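Per chain, numbering begins at 1; letters A, B, ... match sequence-line order. This is a predicted model, so every value here is computed, not measured.
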There are 2 protein chains.
Amino acid sequence: MKSKEIYDHVERLANLLRSESRQVGIPYGMQPIQLEALRYLSICNRYSDTPMAVTEYLNQTKGTVSQTLKLLEKKNFLIKTTDSNDKRITHLKVSSKGNKLLQKLIPTPVYTQVSKKLSESTQTQIINSLKELLQVIQQENEMKSFGVCNTCRYNQKIKSDSHFCGLTQEPLSKVDISLICREHESVVE
Amino acid sequence: MKSKEIYDHVERLANLLRSESRQVGIPYGMQPIQLEALRYLSICNRYSDTPMAVTEYLNQTKGTVSQTLKLLEKKNFLIKTTDSNDKRITHLKVSSKGNKLLQKLIPTPVYTQVSKKLSESTQTQIINSLKELLQVIQQENEMKSFGVCNTCRYNQKIKSDSHFCGLTQEPLSKVDISLICREHESVVE
DNA sequence: GGTATATAGTATCGATTCAATACTATATTG
DNA sequence: CAATATAGTATTGAATCGATACTATATACC
């Protein structure tokens, strides 16, 4: 019975978020999905800035994502470059124009205001609840978790601020470990 | 800073919900927005089963909603009737075919599973967090809250199970007060 | 009563979303 | 070096969505 209640609230939150996203994007000719793709690309690491990773993150087909990215590129919000090692792969970099837009629009005004109206402890409580819910949903869905390296089981801490990815066999910088990764797998089994 | 974190989690939950909704709807030719409209109509009261109310609930234009409803009617998921008092108004009733579909699809499989994996107390905690977040967002957005009569300031309890709506000046049945209403206004100022 | 205005809803247009299918190009496997 | 897998693009058609223009009924006001 509680599943319905949780479902209802999430559906409502999702609706409100989507409609606000649509609204704030209008002056810039941006659709919700375009903002989400751009937003993702601004917070993912160098292993995860490809069309395929966006496809997985948004749970869409690669064809659909290809169109969205084409529009974003046309509007000069991102720059495509071909991977030097594997020429099938395209890397997507958010342009400075894109970053400025994101900084202006995200988080949306409502969430900025909400944060001011709620106490620190309430916000922490809400964040924890959302995290818990998300984690179970991602497990259940057998989906990639798209977490940051900090919480990934491949991340091997060498010294206090020296990290290494056990999957790609590459060192990770301080910036790296705060970005989300498509290969992320939780430490907890 | 916490606003970003809350925003991120809600965005992710919204994405996952939307993609699951899309997936479960495919075998029935139902799009996410169609399911949401139908779902709303199945849980709203008799003051709130009109195209305009759906428009407010989904935060779309009446034209867009008109199209969605036309498709739902064509597929025999809902029945339109004209209000006898005000002939501009159309009432929308979910058909038995529509109700069967909703019962099968909502809450979606993932949410049903999630509910099984989390303890009662955790679920209660999550529900409370979601409620709190929703309430602030709706206030902030100056949006209608779409709550049930039970929590509405227009609802006047006469006896233990006898209710009366101060806005419409009509008695409310036991079923009425468990349905959501477009005129809902929270008791709390 | 009758005109002005407000409200509920439909119709149509064009841009975007999205899945499905078919396609090209590069990598990998044997 | 042939078969297969992977990354991405192109195209088509149905649905979403806002914008605009429209019809019909109800209400306000003089």
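Dashed line: the shortest gap from a side-chain N or O of Gln67(A) to OP1 or OP2 of dT11(D) is not under 4.0 Å. Within the structure, every side-chain polar atom (N or O) of Lys75(A) is placed at least 4.0 Å from both OP1 and OP2 of dA15(C). Residue Lys74(B) places none of its side-chain N or O atoms closer than 4.0 Å to OP1 or OP2 of dA14(D). Contact annotation: Ser66(B) side-chain N/O to dT10(C) OP1/OP2 distance is under 4.0 Å. One finds no side-chain N or O of Thr61(A) lying less than 4.0 angstrom from the OP1 or OP2 phosphate oxygen of dC18(C). Within the structure, every side-chain polar atom (N or O) of Gln31(B) is placed at least 4.0 Å from both OP1 and OP2 of dA15(D).
Listed nucleotides dC17(D), dT16(D), dA10(D) differ in distance to Leu71(B); the shortest reach to its side chain belongs to dT16(D). With distances taken from any side-chain atom of Arg88(A) to the nucleotides dC17(D), dA8(C), dA27(C), the minimum falls on dA27(C). Proximity note for Lys87(A) (side chain, C-beta onward) versus dA27(C), dT17(C), dT16(D): the nearest is dA27(C). Side-chain atoms of Lys62(A) lie closest to dG8(D) of the nucleotides dC17(D), dT25(D), dG8(D). Listed nucleotides: dA19(C), dT25(D), dT26(C). Nearest to the side chain of Asp86(A): dT26(C). Candidate nucleotides dA15(D), dC18(C), dC17(D) were compared by shortest atom distance to the side chain of Gln34(B), and dA15(D) ranks first.
Minimum interatomic distance between Val94(A) and Leu38(A) (heavy atoms only, all atoms of both residues): CG2-O, 3.9 Å.
Taking 4.0 Å as the cut-off between side-chain N and carboxylate O, Glu56(B) and Lys62(B) do not count as a salt-bridged pair. For Arg39(A) and Asp8(B), the salt-bridge test passes: some basic side-chain N is under 4.0 Å from an acidic carboxylate O.
Within 4.0 Å (heavy atoms only), Asp83(A) reaches no atom of the nucleic acid at all.
Evaluation of atom-type donor-acceptor distances gives no pair under 3.5 Å for the side chain of Thr90(A) against the base of dA7(D).
The cationic atom of Lys4(A) (NZ for Lys, CZ for Arg) does not lie both less than 6.0 Å from the six-membered ring centre of Tyr111(B) and within 45° of the ring axis.
Using a 4.5 Å cut-off on side-chain heavy atoms (C-beta onward), Lys93(A) and Leu78(A) make no contact.
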